[in-house]
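Take a look at the structure below.
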Protein chains: 2
Amino acid sequence: MTARTSAESTRDIPEATVARLPVYLRALTTLSESGTITCSSEDLAQAAGVNSAKLRKDLSYLGSYGTRGVGYDVDYLRYQIAREIGVTQDWPVVIVGIGNLGHALANYSGFRSRGFRVVALLDADPTRHDEVVAGIDVRPFDDLEQIVRENGVAIGVIATPAIAAQDVADRMVACGISSILNFAATVLSVPAGVDVRKVDLSIELQILAYHEQRKAQVEPA
Amino acid sequence: MTARTSAESTRDIPEATVARLPVYLRALTTLSESGTITCSSEDLAQAAGVNSAKLRKDLSYLGSYGTRGVGYDVDYLRYQIAREIGVTQDWPVVIVGIGNLGHALANYSGFRSRGFRVVALLDADPTRHDEVVAGIDVRPFDDLEQIVRENGVAIGVIATPAIAAQDVADRMVACGISSILNFAATVLSVPAGVDVRKVDLSIELQILAYHEQRKAQVEPA
DNA sequence: CTCGTTTTGTTCTCGCGTTCACAAACTCCT
DNA sequence: AGGAGTTTGTGAACGCGAGAACAAAACGAG
Ligand SMILES: NC(=O)c1ccc[n+]([C@@H]2O[C@H](COP(=O)([O-])OP(=O)(O)OC[C@H]3O[C@@H](n4cnc5c(N)ncnc54)[C@H](O)[C@@H]3O)[C@@H](O)[C@H]2O)c1
Ligand SMILES: NC(=O)c1ccc[n+]([C@@H]2O[C@H](COP(=O)([O-])OP(=O)(O)OC[C@H]3O[C@@H](n4cnc5c(N)ncnc54)[C@H](O)[C@@H]3O)[C@@H](O)[C@H]2O)c1
């Protein structure tokens, strides 16, 4: 994808590791809340559901934050991972499409507690503009540019029907949004430099169905 | 061709390919609805957002369903992929935890159109048991076993708070459910033979934040 | 101070997934 | 029928990630 040609001091962390860091962060938060001061790689690996060798290797990309013979200081490591991911300050986020799913997302408390702040809810349907969801009032989609500008929004969430998703994405990119989380069941095309991640319930279920079908084929023999 | 010898009828498809088959299926459905009869691997790859070589290799694990010099018959290939995934018939599904997210999932029309049928909505909170969501009435969580038995349910969806998720998973497994889609932000531990997939909004956002942070570091130089 | 114990950080190897490149196979036109 | 053009299916090269294994480092006991 985006080739980072610059001879930068910033070490590049493997994508597979980046995807696991949030899991470690969550496990460390749970440990911290239960009063744990230090933990071994074995403990943390179990809490995160991964192999301990893999955990240590992942952490080694960040630096040497453990103590041999002792383990990791839970709060210290938690801060280091949060800093590496970039969630020590809140990221402003807009959600577009306040239907069934958009309502659930707006009401989701995990946003705020994990480094994100919903600054606006947008919908194209004028009949929704009266509504207030989770203390935030739903505004016209055309307010997007102004909101993005005023709040320095870099991350957008799309929860519209699939047919509208590409248009919404185009508008977001035009406003300067460079990271998109897409819940619509469609492939988005965006210019280089814009990251898109998708969440697709149907795909997950179909993967489960595939494996379920295989189990059923072998079992009754 | 590969005659289905009963001993080794099931070729094993790489996990990475399995994860992409639903994307191809969706792209083929879109093509079919737009009246397209045949398509090349290039066309389909573009619609699915992947490399055409990868697409052809993925399809080659299923068999030889294309015609050289011509391409693929859209409806024929669509049926073959659906059959391989196992979504030519509907899978019964139960959803546990009918809060914000559970409501959205119950109202999601993509379930039925993609090979799944919600047979029950379950919640532990008695005040929810009066409710009817998307034509299905919310029932007590303790009805789980009966519902699973009567409907032959193999797939369960967890949309409860994280603290309850492991208990719900244990109960599901005890009833005979062997595939779980987990929306709660926690690591589930299940016996071998049970598949778990997770959908975690916070993780996706944090991955975006990581890359966003890196962009911001390079840009202003 | 030295030795044994614990646990990290890293090296090495292996397997999987991605991509390239091309022969094989099919259609169409003359 | 034969040749030109098109597109599939796959062998081979390559790079990345997973996991095992171990040396290096810290700590405590005596
Ligand atoms: N509901 C779920 O559980 C679920 C699960 C997985 C995926 N999805 C996907 O998420 C998306 C939303 O699902 P939903 O159930 O909330 O649908 P919905 O129809 O309830 O809500 C869609 C909302 O988007 C708004 N909208 C339409 N076009 C718009 C535009 N151009 N700009 C701004 N807003 C616009 C509509 O006014 C509506 O409020 C769909 O693509 C769906 O496939 C939903
Ligand atoms: N809302 C979102 O957009 C969103 C996004 C990502 C993840 N999640 C996660 O999904 C889960 C549900 O989120 P929500 O916003 O719908 O929460 P919610 O509190 O609105 O709903 C949870 C429901 O689960 C029920 N419940 C609790 N314990 C139960 C048990 N033991 N058995 C059966 N039912 C039980 C509750 O009665 C409630 O109705 C949470 O774990 C949350 O972190 C939600």
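To find a chain, count down the sequence lines: A is the first, B the second, and so on, and within it residues start at 1. Since the model is a prediction, treat every value here as computed from it, not as a measurement.
Within the 3.5 Å criterion, the main-chain N or O of B/Cys39 finds no donor-acceptor partner in the side chain of B/Asp43. At distances below 3.5 Å, not a single donor-acceptor pair connects side-chain atoms of B/Trp91 with backbone N or O atoms of A/Gln206. Although no hydrogens or angles enter the test, the distance criterion places no donor-acceptor pair under 3.5 Å between the side chain of A/Ser32 and the main chain of A/Leu28.
The environment of A/Glu15 atom CD is dense: over 12 non-hydrogen atoms of other residues, nucleotides or ligands sit within 6.0 angstrom. The 12-atom threshold is exceeded at CD of B/Gln166, counting heavy atoms of other residues, nucleotides or ligands nearer than 6.0 Å. Around the CZ atom of A/Arg112, the shell of radius 6.0 Å holds no more than 12 heavy atoms that belong to other residues, nucleotides or ligands.
Using a 4.0 Å heavy-atom criterion, one finds that B/Glu42 contacts no nucleic acid atom at all. Residue A/Tyr61 is out of contact with every strand shown, counting any heavy-atom pair closer than 4.0 Å.
The distance from atom CG of B/Leu55 to atom P of D/dT10 is 14 Å, rounded to the nearest whole Å. Between the OH atom of B/Tyr65 and the C1' atom of D/dT10 there is a distance of 17 Å, rounded to whole Å. Between B/Leu44 atom CG and D/dT7 atom C1' there is a gap of 14 Å when expressed in whole angstrom units. To the nearest angstrom, P of D/dA18 lies 7 Å from CG of A/Asp58. The separation between B/Leu62 atom CG and D/dT10 atom C1' is 15 Å, rounded to whole Å. The CG atom of B/Asp43 sits 11 Å away from the C1' atom of D/dT7 (whole-angstrom rounding). Per the geometry, CG belonging to B/Leu59 stands 13 Å off C1' belonging to D/dT7, to the nearest Å.
Listed by chain and residue number, B/Glu212 satisfy the side chain to side chain donor-acceptor pair (under 3.5 Å) test with A/Ser179 (two or more places apart in sequence, or in another chain).
Exactly one residue among B/Tyr72, B/Tyr76, B/Tyr24 makes a ring pair (Phe, Tyr, Trp, His ring centres under 6.0 Å) with B/Tyr65. That residue is B/Tyr76.
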B/Val157 vs B/Val96, test: side-chain contact (heavy atoms from CB on, under 4.5 Å). Steps then yes/no.
CA-CA 6 Å; B/Val157 177; B/Val96 177; over 6 Å; no
Which letters describe nucleotides 20-30 of chain D, given B = protein heavy atom under 4.0 Å from base, S = only from sugar-phosphate, - = neither?
BB--BBSS---
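Note that the first and last nucleotides of DNA chain C, 5' to 3', having any atom under 4.0 angstrom from a heavy atom of chain B are C/dG17 to C/dT27.
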